[in-house]
Amino acid sequence: MSRWVARKLRAAADVVVAVQATIRARRVVALRPIGDLVAAAGAETTRAESLTIQDNSGPLSPDDRRCGDRWGAAVDRALRWVPGDSACLVRSCALRDLMAADGREMAVVRIGVRRDRGGFEAHAWVELDGTPIAEVA
């Protein structure tokens, strides 16, 4: 079997696993109060002047980076197939679960909140060792 076919089969299998993680994440986000969700997911909430995500740590190992990119791509593809909300919190919860299942238990969901003049913005993402994982620019 060629490498190309093997990569495509692995990517398809990853999407199947990511669909399951996405369905679980949607159920959790829909049924649990946000405070409980934050505590259960190992998330940390911060107030932010800007919701721009900055890489404040050293570089991740190439293996951790590949793992994050692999599962991030799988979750993004899964969100196209599973009907419903594809909010950043659902994406982050699914990605964090997949990273933890792949041996990166230190991955955490981060939630940034910004309020200004009656407005409110929030964004969730996954970090590993202080570095955002598979975050879309």
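Computed over heavy atoms, backbone and side chain alike; hydrogens, waters and symmetry mates excluded.
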**Message:** Is there a path of hydrophobic side-chain contacts, each under 4.5 Å between heavy atoms of I/L/V/M/F/W/Y residues, joining Met106 to Trp71?
**Reply:** yes
**Asked** Can you tell if the side chain of His123 reaches within under 4.5 Å of the side chain of Ile111, non-hydrogen atoms only?
**Response** no
**CA sep, side-chain torsions, deciding dist, call: Glu121, Val113, side chain to side chain contact (heavy atoms under 4.5 Å, CB included)** = CA-CA 6 Å; Glu121 282 186 79; Val113 178; over 6 Å; no
**Request:** Identify whether Ile23 and Val90 are in the same connected component of the hydrophobic contact network (ILVMFWY, side-chain heavy atoms under 4.5 Å).
**Result:** no
**Prompt:** Got Leu79 and Arg26 here, is their nearest side-chain heavy-atom distance under 4.5 Å?
**Reply:** yes
**Distance-minimising heavy-atom pair for Cys88 and Ala124** = SG-N, 3.3 Å
**Prompt:** Can Arg65 and Thr131 be said to form a side chain to side chain contact (heavy atoms under 4.5 Å, CB included), step by step?
**Reply:** CA-CA 10 Å; Arg65 175 80 56 202; Thr131 302; 3.7 Å; yes
**Message:** Looking at every heavy atom in both Glu105 and Arg96, which two are closest together, and how far apart are they?
**Reply:** O-NH2, 3.4 Å
**Asked** Please walk me through it: do Asp102 and Arg66 pass salt bridge (charged side-chain N to carboxylate O under 4.0 Å, His left out)?
**Response** CA-CA 12 Å; Asp102 206 4; Arg66 275 191 302 274; over 6 Å; no
**Request:** Nearest 0.5 Å please: distance from the CG atom of Asp14 over to the CZ atom of Arg7.
**Result:** 13.0 Å
**Prompt:** Can you tell me how far CZ of Phe120 sits from CZ of Arg115, rounded to the nearest 0.5 angstrom?
**Reply:** 8.5 Å
**Fill in**
To the nearest 0.5 Å, atom OG1 of Thr22 lies from atom CZ of Arg77 at 11.5 Å
**Prompt:** Which atoms form the tightest heavy-atom contact between Pro83 and Trp81, and what is the distance?
**Reply:** CD-O, 3.5 Å
**Prompt:** Is the shortest heavy-atom distance from the side chain of Cys67 to the side chain of Asp64 under 4.5 Å?
**Reply:** no
**Request:** Check whether any side-chain heavy atom of Arg104 lies under 4.5 Å from a side-chain heavy atom of Asp63, and answer yes or no.
**Result:** yes
**Request:** Kindly work out whether a path of hydrophobic side-chain contacts (I/L/V/M/F/W/Y, heavy atoms less than 4.5 Å apart) joins Val82 to Val15.
**Result:** yes
**Asked** Where is the tightest heavy-atom contact between Gly68 and Ile133, given as atom of each residue plus distance?
**Response** CA-CG2, 3.3 Å
**Message:** Using every non-hydrogen atom in the two residues, find where Val109 and Ser92 come nearest and quote the distance to one decimal.
**Reply:** CG2-O, 3.8 Å
**Asked** Heavy atoms, side chains only, cut-off 4.5 Å: are Val126 and Val108 in contact?
**Response** no
**Item:** Closest non-hydrogen atom pair between Ala94 and Ala25, with its separation
**Value:** N-CB, 3.8 Å
**Message:** If you apply the rule side chain to side chain contact (heavy atoms under 4.5 Å, CB included), what do you find for Arg10 with Arg70, and how did you get there?
**Reply:** CA-CA 10 Å; Arg10 179 179 172 179; Arg70 171 188 171 197; 2.6 Å; yes
